[in-house]
Colleague: 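Structure below; questions to follow.
Only heavy atoms go into these numbers, but all of them, side chains included; no hydrogens, no water, no symmetry mates.
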Amino acid sequence: MEHTLVKELLNAASIGKHAIAKGWVRTKRGNKNVAFVALNDGSTIHNLQLVIDPNQMGEELLKRISTGACIRAAGNIVASQGSGQATEMQVTELSIYGEADAETYPLQKKGHTLEFLREIAHLRPRTNTFGAVLRIRHNMAYAINKYFNDRGFFYLHTPIITGSDAEGAGEMFRVSVLNAENPPRNEEGKIDYTQDFFGKETNLTVSGQLEGELGAMALGKIYTFGPTFRAENSNTPRHLAEFWMIEPEMAFYDIHDNMDLAEDMLKYLIQYALDNCKDDVEFLNNMYDKELLARLQSVVEKPFKRMSYTEAIDVLIPHNNQFEFKTEWGTDLQKEHENFLVSHFGGPVILTDYPKHIKAFYMKQNDDGKTVRAMDVLFPWIGEIIGGSQREEDYTKLTTRMAEMNIPEHELWWYLDTRKFGACPHAGFGLGFERLVLFVTGMSNIRDVIPFPRTPKNAEF
RNA sequence: UCCUUCUUAGCUCAGCUGGUUAGAGCACAUGACUGUUAAUCAUGGGGUCCCUGGUUCGAGUCCAGGAGAGGGAGCCA
């Protein structure tokens, strides 16, 4: 490696060394006698200040070094005379890899709106904000793998293409190689998927959970971490058509173990960001959300409030007059109710034991005949960041519930086999990765925490 | 998908009860300036007023339809 990362060159320990830096120009300023270039290489949010003597380097060369250009600079690292940085480079050699025409390069020295940057998603990683977000995103992905690995979980890769449409988590994207203009049809006039690539109708996965349960009942504790797809026409700052989900699934865990894991994991991840992404989190705190650091700190420190759905309804009913949607036992919670609970208890809330008719078929049924062992973790502003449950391991109860909900058994024969052969109590949950990154970065739109967002009517880049 | 707001220069926006040549700041170009920190100062170039149709002597402005974006809601993670 010929060059040194800006991150290292900014360290006072680099003073006195000769070094080579490579990166992209953020700004250039100066006069006849001295020019300053702020150089960023993505290794940190901070820039290396290049101090250039125009008479030595040539004005023609300097002119071509404009915002966005990619350059190589060599020189000595010295203590900075200016106040904005500890070190700077006294440049003795300068060359250009790629120019960026100042007239047409879309990024300016000044700030841009996040909406504009979404239209140039191919260039926005070069901004301070997206550099910070993407570095934090990476660190969160790494920390998730580390967290589970350190605790004896195995990373299970569940399929992206699925042959079952019974997962019930939302509309699916069809995967097909049939001629869309003129697909083969059977005697009934319906599209003949037996002629398709897999010989049956297939879709992109909406959840790896059912396969995750298979893994848990062999390996003990597993987690999935991969892309997930929902063809819902959701137009909100909290939904994507393509997003990444973490789904741990644990044999011999009950709902309390499940809650303990969820809370511990979230706190670990947020603490990891505070410890390892300090500069980036501080930048976002100063630029977008002055309460970000305090909020992250508070979530790490305080225990999450845990209560049953029924208890939550009792808390909400006296305040019904301030809700648009009045609540009563049996109705699903609206956003306004979740927000109320989170602010009422001053932090994350875990709700359990929801009415069975508003939850999925696989959740363990309670003895009261009315509720299931579901658990949702509600976060400030985000709302539901985690949804999970203890799973129903009783074959008869599970198939009875499936029949009630019109879920065909033959689609899920392999899933039901785990209840026939060596069934065990188990539990798990799903964490939306982008919602976690949203919370940790303080960004307000989920399209700004994934490099290339996929949303209804938008698959550019 | 529903409700709501918006769409004018590369970017962020102003543009009054419809009126003749559509403005500002920043960016960019040129020049000045002995160390700047979103440098500063001067000068200059830069427009399909989102699209289609309508009302009118006259539309950036009013009306209808469409497209895109923001915020809220639903679906959820």
Colleague: Has A:Asn258 got a side-chain atom pairing as donor or acceptor with A:Gly428's backbone, closer than 3.5 angstrom?
Modeller: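 Between the backbone of A:Gly428 and the side chain of A:Asn258 there is a qualifying donor-acceptor contact (under 3.5 Å).
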
Colleague: Select from A:Pro237 and A:Ile446 the residue whose nearest nucleotide in RNA chain B is closer to the 5' end of that strand.
Modeller: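 Its nearest nucleotide lies further toward 5', so the answer is A:Pro237.
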
Colleague: By a 5.5 angstrom centroid cut-off and a 30 degree plane limit, is there stacking between A:Phe433 and B:rA77?
Modeller: no

Colleague: A:Asn31 side chain: which of B:rA77, B:rC33, B:rG71 is closest?
Modeller: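 So the side chain of A:Asn31 is nearest to B:rC33.
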
Colleague: Check every atom of B:rG74, B:rU36, B:rA77 against the side chain of A:Thr236 and return the nucleotide holding the closest atom.
Modeller: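 Nearest listed nucleotide: B:rG74.
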
Colleague: Within less than 4.0 Å of OP1 or OP2 of B:rU12, is there a side-chain N or O belonging to A:Thr113?
Modeller: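 So the side-chain polar atoms of A:Thr113 do come within 4.0 Å of the phosphate oxygens OP1 or OP2 of B:rU12, strictly under.
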
Colleague: Taking only the P atom of each, what is the distance from B:rG44 to B:rG25 in whole angstrom?
Modeller: 12 Å

Colleague: Find the distance A:Phe323:CZ to B:rA73:C1' and express it as a whole number of Å.
Modeller: 16 Å

Colleague: Partner lookup for B:rU21, please. Criteria are Watson-Crick or G-U wobble with both distances under 3.5 angstrom; report none if nothing qualifies.
Modeller: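 Check on B:rU21: unpaired, no WC or wobble geometry under 3.5 Å.
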
Colleague: Below 30° counts as parallel, above 60° as perpendicular, anything between as tilted: where do the rings of A:Tyr155 and A:Phe225 land?
Modeller: tilted

Colleague: Starting the side chain at C-beta, find the nucleotide from B:rU37, B:rG68, B:rA77 nearest to A:Lys457.
Modeller: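 Among B:rU37, B:rG68, B:rA77, the one nearest the side chain of A:Lys457 is B:rG68.
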
Colleague: Classify A:Gln49 by what it touches in the nucleic acid, base, sugar-phosphate, or nothing, heavy-atom distance under 4.0 Å.
Modeller: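 The answer is base, as A:Gln49 lies within the cut-off (heavy atoms under 4.0 Å) of a base atom.
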
Colleague: Anything under 30° is parallel, anything over 60° is perpendicular, the rest tilted; go ahead and classify A:Phe116 against A:His112.
Modeller: tilted

Colleague: Mind calculating the distance between CG (A:Asp101) and C1' (B:rA29) to the nearest angstrom?
Modeller: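 Nearest whole value for this atom pair: 11 Å.
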
Colleague: Has A:Asn233 got a side-chain N or O lying under 4.0 Å from the OP1 or OP2 atom of B:rU1?
Modeller: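 Answer yes for this pair, as a side-chain N or O of A:Asn233 is under 4.0 Å from OP1 or OP2.
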
Colleague: Aromatic rings A:Tyr268 and A:Tyr147: how do their planes relate, parallel, tilted or perpendicular, breaks at 30° and 60°?
Modeller: tilted

Colleague: Does a nitrogen or oxygen in the side chain of A:Arg238 sit under 4.0 Å from OP1 or OP2 of B:rA73?
Modeller: yes

Colleague: Suppose we define a pair by two distances each less than 3.5 Å, Watson-Crick or G-U wobble; what does B:rC62 pair with here?
Modeller: B:rG54

Colleague: What is the distance, to the nearest angstrom, from the CD atom on A:Glu103 to the P atom on B:rA9?
Modeller: 16 Å

Colleague: Which part of the nucleic acid does A:Gln90 contact within heavy-atom distance under 4.0 Å: base, sugar-phosphate only, or nothing?
Modeller: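 If one applies the 4.0 Å heavy-atom cut-off, A:Gln90 turns out to touch a base.
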
Colleague: Roughly how many Å apart are B:rC26 and B:rA42, using the P atom of each and rounding to a whole number?
Modeller: 9 Å

Colleague: Parallel, tilted or perpendicular, judged at 30° and 60°: which one describes the rings of A:Phe148 and A:Phe153?
Modeller: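 Judged by the thresholds at 30° and 60°, the geometry between A:Phe148 and A:Phe153 is tilted.
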
Colleague: Find the distance A:Ile120:CD1 to B:rC11:C1' and express it as a whole number of Å.
Modeller: 10 Å

Colleague: May I ask you to evaluate whether A:Arg29 reaches the phosphate of B:rA39, defined as a side-chain N or O under 4.0 Å from OP1 or OP2?
Modeller: yes

Colleague: Indicate, with a heavy-atom threshold strictly under 4.0 Å, whether A:Gln85 touches base, sugar-phosphate, or nothing.
Modeller: base

Colleague: Which listed nucleotide (B:rA77, B:rU36, B:rG71) is nearest to the side chain of A:Phe243?
Modeller: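 For the A:Phe243 side chain, the nearest candidate turns out to be B:rA77.
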
Colleague: Roughly how far apart, to the nearest Å, are B:rA38 and B:rU43 at atom C1'?
Modeller: 22 Å

Colleague: Side chain of A:Thr27 only, please: which of B:rA39, B:rA69, B:rU37 is the nearest?
Modeller: B:rA39

Colleague: Calculate the interatomic distance between A:Glu115 atom CD and B:rC11 atom C1'; express it in whole Å.
Modeller: 13 Å

Colleague: RNA chain B: A:Phe325 or A:Thr455, which has the more 5' nearest nucleotide?
Modeller: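 The answer here is A:Thr455.
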
Colleague: Could you check which nucleotide pairs with B:rU7 in any of the strands shown, counting Watson-Crick or G-U wobble with both distances under 3.5 Å?
Modeller: B:rA67

Colleague: Is A:Asn235 near enough to B:rG72 that one of its side-chain N or O atoms lies under 4.0 angstrom from OP1 or OP2?
Modeller: no

Colleague: Distance check, P atoms only: B:rA39 and B:rG74, in whole angstrom units.
Modeller: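 That atom pair is separated by 44 Å.
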
Colleague: Rounding to an integer number of Å, can you tell me how far A:Leu50 CG sits from B:rG35 P?
Modeller: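 One finds 18 Å between P of B:rG35 and CG of A:Leu50, rounded.
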
Colleague: Angle between ring planes, A:His122 versus A:Phe461, binned at 30° and 60°: parallel, tilted or perpendicular?
Modeller: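 Correct class here is parallel.
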
Colleague: P atom, B:rA64 versus B:rU21: distance in rounded Å?
Modeller: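 Roughly 28 Å separates the two P atoms.
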
Colleague: Are A:Gln108 and B:rG10 close enough that a side-chain N or O sits under 4.0 Å from OP1 or OP2?
Modeller: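 Looking at the OP1 and OP2 atoms of B:rG10, neither is under 4.0 Å from any side-chain N or O of A:Gln108.
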
Colleague: Nearest to the A:Asn33 side chain among B:rC76, B:rU34, B:rA73, which nucleotide is it?
Modeller: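 Nearest listed nucleotide: B:rU34.
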
Colleague: For B:rA39, give its Watson-Crick or G-U wobble partner with both distances under 3.5 Å, or none.
Modeller: none

Colleague: Within the modelled atom types, does a donor on one side and an acceptor on the other bring the side chain of A:His112 and the base of B:rC11 under 3.5 Å apart?
Modeller: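 In this structure, the two groups form no donor-acceptor pair.
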
Colleague: Of all the nucleotides listed (B:rU30, B:rC75, B:rC11), which has the minimum atom distance to the side chain of A:Phe116?
Modeller: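 Ranking B:rU30, B:rC75, B:rC11 by closest atom to the A:Phe116 side chain puts B:rC11 first.
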
Colleague: Side chain of A:Phe36 only, heavy atoms from C-beta on: which candidate in B:rU36, B:rC28, B:rA77 is closest?
Modeller: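 Among the listed nucleotides, the one closest to the side chain of A:Phe36 is B:rU36.
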
Colleague: State whether A:Arg447 places a side-chain N or O below 4.0 Å from either non-bridging phosphate oxygen (OP1 or OP2) of B:rG70.
Modeller: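 Checking A:Arg447 against B:rG70: at least one side-chain N or O falls below 4.0 Å of OP1 or OP2.
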
Colleague: Heavy atoms under 4.0 Å, any strand shown: does A:Gly430 hit a base, just sugar-phosphate, or nothing?
Modeller: sugar-phosphate

Colleague: Should the pair A:Asp260-A:Arg306 be classified as a salt bridge under the 4.0 Å nitrogen-to-oxygen rule?
Modeller: yes

Colleague: Name the nucleic acid region contacted by A:Glu384, choosing base, sugar-phosphate or nothing; use a 4.0 angstrom heavy-atom cut-off, strictly under.
Modeller: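 Sugar-phosphate contact only - A:Glu384 comes under 4.0 Å of backbone atoms but never of a base.
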
Colleague: Rounding to an integer number of Å, can you tell me how far A:Glu88 CD sits from B:rG35 P?
Modeller: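 Value for this atom pair: 14 Å.
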
Colleague: For B:rA69 and B:rU12, measure between their P atoms and round to the nearest Å.
Modeller: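 Taking atom P in both B:rA69 and B:rU12, they lie 15 Å apart.
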
Colleague: Please determine, for B:rU1, whether a Watson-Crick or G-U wobble partner exists with both distances under 3.5 Å, and give it or none.
Modeller: B:rA73

Colleague: Is any side-chain heavy atom of A:Phe304 less than 4.5 Å from a side-chain heavy atom of A:Leu378?
Modeller: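 With C-beta onward as the side chain, the pair stays apart.
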
Colleague: Which is true for A:Ile246 with a 4.0 Å heavy-atom rule: it touches a base, it touches only sugar-phosphate, or it touches nothing?
Modeller: nothing

Colleague: So, A:Thr92 side chain and A:Ala74 main chain: donor-acceptor pair closer than 3.5 Å or not?
Modeller: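 Here the side-chain-to-backbone pair exists.
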
Colleague: May I ask you to say what A:Ile386 touches in the nucleic acid, namely base, sugar-phosphate or nothing, with a heavy-atom cut-off under 4.0 Å?
Modeller: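 Result for A:Ile386 = sugar-phosphate.
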
